[in-house]
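Worksheet: the structure to be examined is printed underneath.
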Amino acid sequence: MSTTTIVELIGYLGSILVLLSFLMPSVVKLRVINSVGSTIFTIYALIIHSYPTAVMNFCLVLVNLYYLRRIGNKEKHYELLSVASQDRFLTYLLRYYQKDIESCFPGLNVDLEGVNRAYIICCDASPAGILLGTEREGILDIMLDYSMPAYRDCSIGQYLIWKLPQDGLRRLLYSGPVDHHMAYLSKLGFEKRDGVYRKDLL
């Protein structure tokens with residue numbers, strides 16, 4: 001493979017990553033992937049001596065890093081709202097985010113008939129997450145633990161671990177789809193026992 005071909009491939013890789021970043025539903029993922037793509041494209045531009053392109057992409061990296069730092073340092077103020085399983089706003093949110101929920105939890109059937117604990121998690125008065133499950137004697141068997149795309153940084157989960165004991169819960173169980181959920185469960189300290197993921201709150 002010639003040097004020219006390798007250089008062109010570097011340019012294509014940077015371009016693809018920049019374009020791919022705009023398909024990310026999460027703002028954090030968008031800026032991370034965009035930063036990587038812009039860094040690669042900066043290198044490419046320097047190699048081919050296209051200095052205006054290099055400067056522009058380097059500035060994009062700096063802008064992304066600035067906003068990623070702001071996102072990381074921003075203190076989120078969550079509030080846990082307990083609602084009825086047939087609450088109209090809850091059913092609206094489930095319907096509005098149905099496709100995203102299906103992509104995050106393939107094969108999950110959200111059946112509200114068996115739900116006796118339903119929560120909407122808000123951040124600065126905006127809906128940020130949904131928690132549904134069946135509670136028996138302080139143990140919540142989770143049906144759905146869903147975060148809206150802009151809040152998928154585990155901060156909602158960490159808030160729930162702190163807040164739910166105040167609502168009488170002492171243990172969480174989860175046995176639903178885990179293909180896109182493993183990193184989240186691991187970060188929150190869930191342990192797998194007999195095929196069920198468990199987190200003791202007390």
Side-chain angles (χ1 to χ4, degrees), residues 1-79 93-108 120-131 144-161 176-190:
M1 187 180 294
S2 67
T3 302
T4 302
T5 302
I6 293 174
V7 171
E8 288 181 351
L9 288 175
I10 292 173
Y12 283 124
L13 177 61
S15 299
I16 290 170
L17 288 175
V18 169
L19 290 173
L20 183 63
S21 69
F22 292 106
L23 300 177
M24 295 294 106
S26 166
V27 175
V28 174
K29 289 182 180 179
L30 185 153
R31 292 201 176 276
V32 169
I33 295 175
N34 192 279
S35 295
V36 175
S38 296
T39 300
I40 293 173
F41 209 77
T42 299
I43 295 170
Y44 167 76
L46 290 173
I47 292 173
I48 65 171
H49 305 293
S50 178
Y51 299 114
T53 303
V55 170
M56 181 191 72
N57 279 277
F58 180 71
C59 289
L60 283 175
V61 174
L62 294 179
V63 169
N64 282 324
L65 292 177
Y66 169 76
Y67 280 105
L68 283 170
R69 184 176 179 181
R70 281 192 61 182
I71 292 171
N73 291 337
K74 183 181 178 181
E75 184 179 353
K76 297 181 176 68
H77 299 282
Y78 291 119
E79 186 172 356
L93 290 174
L94 290 171
R95 185 170 62 252
Y96 184 86
Y97 289 102
Q98 181 179 354
K99 289 185 178 179
D100 190 48
I101 291 172
E102 290 173 351
S103 68
C104 293
F105 303 92
L108 177 66
I120 297 174
I121 302 93
C122 292
C123 180
D124 299 327
S126 298
I130 298 170
L131 179 66
L144 177 67
D145 182 4
Y146 172 74
S147 298
M148 283 62 169
Y151 299 94
R152 288 182 190 155
D153 57 0
C154 287
S155 59
I156 291 179
Q158 292 162 353
Y159 168 76
L160 289 173
I161 296 298
V178 295
D179 290 349
H180 308 294
H181 218 44
M182 281 301 302
Y184 174 80
L185 293 170
S186 176
K187 187 169 184 177
L188 294 183
F190 278 79

Where does the angle between the aromatic ring planes of Tyr151 and Tyr78 fall among parallel (under 30°), tilted (30 to 60°) and perpendicular (over 60°)?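 Perpendicular.
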Name all residues meeting the side chain to side chain donor-acceptor pair (under 3.5 Å) criterion together with [X]; count only those two or more places apart in sequence or in a different chain, and write none if there are none.
X      : result
Glu102 : Gln98
Glu79  : none
Ser50  : Thr53
Asp145 : Tyr184

Can you confirm whether [X] sits close enough to [Y] that some side-chain heavy atom of one is under 4.5 Å from a side-chain heavy atom of the other?
X      : Y      : value
Pro106 : His180 : yes
Val61  : Leu65  : yes
Met148 : Ile130 : yes

Check whether any side-chain N or O of Ser38 sits under 3.5 Å from a backbone N or O of Ser35 as a donor-acceptor pair, and report yes or no.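 Absent.
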Counterpart residues, side chain to side chain contact (heavy atoms under 4.5 Å, CB included), relative to [X] (two or more places apart):
X      : value
Val32  : Val28, Leu68
Ser2   : Thr4, Thr5
Ile101 : Leu94, Tyr97, Phe105, Leu144, Tyr146
Phe58  : Thr42, Leu62

Could you pull out all donor-acceptor pairs under 3.5 Å where a side-chain atom in residues 12-25 meets a protein atom, sequence neighbours excluded?
residue : atom : partner : partner atom : Å
Ser15   : OG   : Gly11   : O            : 3.0
Ser21   : OG   : Val18   : O            : 2.5
Ser21   : OG   : Asn34   : ND2          : 3.1

Residues forming a ring pair (Phe, Tyr, Trp, His ring centres under 6.0 Å) with Tyr44, sequence neighbours excluded: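 Expected list: Phe41.
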